[in-house]
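Notes for the one structure printed next.
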Amino acid sequence: MITDSHAHIYYDSFDSDRDAIVARAHASGVTRMIVVGTSVASSRQCFDIAQRVPGTFPTAGMHPHDASDSTPAARAEIERMCRSAECVAVGETGLDYFKNYSPKEAQLDNFRWHARLALALDKPLIVHCRDAHDDTLAVLREHGGLRGVMHCYTYGAAELPPYLELGFHISFSGVVTYPKNEHNRAAARAVPEERLLVETDCPFLAPHSRRGQRNEPALCRDVLQRIADERGTSLEALARATSANATRLFGLPE
Ligand SMILES: [Zn+2]
Ligand SMILES: [Zn+2]
């Protein structure tokens, strides 16, 4: 059993063949997916999918790109969804200073609000971090007792220790398969097995063999295989370990 810890299968690009995508995922051994919301509307879609598709688990949150839309009304709705028993995590949220689609101050305020909510609800926080290592760490450190995952970890081994010290899990995506990303593979070798997760972040970031095409949960197997090769272990052993980690972190059924 492989667990895709971060998938956006509600995207329009899956509308024509979503059932086939899920069937292909199952055929590849990817039988569980965390379906991650990035806005009020997409978080609602996560819950709709989780009602229909076995093995999918919803989250609710406001992406840093959409931090400008993080109004009191939007937050009330995200909080309502996060409070529900089905919701397995708060987010995704975080900071993205690469795109800067929302102003920094709005991103920081949105991120802090989610961190407080995750603490209040005792649910894991899904953190997106791009070109924002220092500020991300600062916000996480402000909120002692947080647990969660650095999703789509793209940094190297040098940036890992503070996240591990904070107790966070580290999730790797297709980025780990791209030829030039040796620094990211070094990180994938360095994360303790009990903190490791894998994801697709689909429809984005297809692994190298499909780079530039639409990504899908079945390809989580490619990510896992590459990390298993790097760590000198088997796909089966690492699938077991990462699925057990996801079960523990997100409180999934055994
Ligand atoms: Zn993200
Ligand atoms: Zn995402």
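Counting starts at 1 for both ligands and their atoms, in listed order. Everything quoted here is computed from the prediction, not taken from an experiment.
In terms of distance to the Zn ion (ligand 1), the nearest N, O or S atom of E92 is named OE1. Closest N/O/S atom of D201 to the Zn ion (ligand 2): OD1. Nearest N/O/S atom of H128 with respect to the Zn ion (ligand 1) is recorded as ND1.
At a cut-off of 2.8 Å, H63 does not coordinate the Zn ion (ligand 2) through any N, O or S atom. Look at C152 and the Zn ion (ligand 2): no N/O/S atom of the residue is under 2.8 Å from the metal.
With ring centers used as reference points, Y153 lies 6.0 Å or more from H151. Checked against the 6.0 Å centroid criterion, the rings of F111 and H128 do not qualify as a close aromatic pair.
No option in H114, Q107, H63, R75 other than R75 meets the side-chain hydrogen bond (donor to acceptor under 3.5 Å, both in side chains) test with S70.
Salt bridge R116/E142: absent, no basic N to carboxylate O contact under 4.0 Å.
We find the CG-CG distance between L125 and L140 to be 7.0 Å, quoted to the nearest 0.5 Å.
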